[in-house]
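Report on the structure given below.
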Amino acid sequence: MSCIGFWIRGHETFDSSLYLHPMKILAGNWKMNTLPEEGLALLDALVLGLSPERLGEVRIVVAPPMVQLSQAVERLWNVPEISVAAQTCHQQSMGAFTGEISAPMLRALDVDAVIIGHSERRNYFNETDADCAEKIRSCLNHELSPIFCVGETHQERQSGRAWEVVKNQLQTGLSQVSSEEIVDVVIAYEPVWAIGTGEVATPEQAQEMHGAIRQWLREKYHASAQNVPLLYGGSCKPSNAAELFALPDVDGGLIGGASLVAHDFLALLDALRES
Ligand code: PEP
């Protein structure tokens, strides 16, 4: 499997060797928002606002609630420029795990990617880095691109441990990913203190962390690491996106609140395309 992240519905997959730079990705995490009709209206508004010129080289990803994945895939069937992601999955393929959804189930729905290790999953549902490693393994086994979230808390940053925390998350979370597979992984740096708070990382903080992640990937995976897209997430909105997306090691964004407003999400697309 080799597509810099994404299997394209009904199309040949990308050949990552064609790309010298990471793909630009704008991903919207809708979290537990939108009823089915609202989800469809949001998708329609995005599609209406898209044109090849507006898209440029950016790949868009939307992550609706689980129960809306089918309708999203169906609505976007002829819009291969927009990939569909789940917000989590279970690490096992099947079994007695009441309420859970597995990677092969998502793949059977033609979902393209899965957000793994979002800080809300870590905080509220006790997901550990070891769980993330198994979930990422399961995604790769089933042709789904993991969007792996890492990031430190406010306290960890205050105590000077931000990189140590993120490095440990990377080390454990990616422990089962080979050099061939790393190009199918997307990494999102999401400082926990910036998610949904309105507080955004400064360009210096974001670049320092993204640069460190890139360097770590280079040391572990050598040449293949250059194609791993690194997304920033945490209160990214049209008013602050341009300076974040312009940073050398920021290849896009994982967007929460602003992804629920088509106008804002499209403005973020403009900022990323022009970065
Ligand atoms: C997120 O939940 O991944 C996120 C970045 O949220 P927000 O953009 O609302 O801070």
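In listed order, ligands and their atoms are each counted from 1.
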Nearest to [atom], what protein heavy atom do you find, and at what distance?
atom: atom 9 (O) of ligand 1; answer: G257 N, 2.8 Å
atom: atom 4 (C) of ligand 1; answer: G256 N, 3.5 Å
atom: atom 3 (O) of ligand 1; answer: E190 OE2, 2.7 Å
atom: atom 2 (O) of ligand 1; answer: K31 NZ, 2.5 Å
atom: atom 1 (C) of ligand 1; answer: H118 NE2, 3.2 Å

Could [X] and [Y] be called an ion pair, given the rule that one side-chain N must be under 4.0 Å from one carboxylate O?
X: R214; Y: D249; result: yes
X: D270; Y: R54; result: yes
X: E81; Y: R59; result: no
X: E127; Y: K135; result: yes
X: R121; Y: D131; result: no
X: E181; Y: R137; result: yes

Practice item. Would you sort out whether V114 and I147 count as a side-chain contact (heavy atoms from CB on, under 4.5 Å), showing the intermediate values? Key: CA-CA 6 Å; V114 186; I147 302 174; over 6 Å; no
Any idea which atoms of ligand 1 are less than 4.0 Å away from a heavy-atom of [X]?
X: A194; answer: 10 (O)
X: I195; answer: 1 (C), 2 (O), 4 (C), 6 (O), 10 (O)
X: L254; answer: 3 (O), 5 (C)
X: G234; answer: 5 (C), 10 (O)
X: S235; answer: 7 (P), 8 (O), 10 (O)

Exercise for review: Could you check H210, E152, Q205 and say which one makes a side chain to side chain donor-acceptor pair (under 3.5 Å) with Y189?
Suggested key: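 Exactly one candidate clears the test, E152.
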Exercise for review: Looking only at distances, please establish whether an N/O atom of ligand 1 is found under 3.5 Å from an N/O atom of E120.
Suggested key: no
Review point. Where the closest heavy atom to atom 10 (O) of ligand 1 is concerned, which of G196, P191, A63 has it?
Key: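 Answer by nearest heavy atom: G196.
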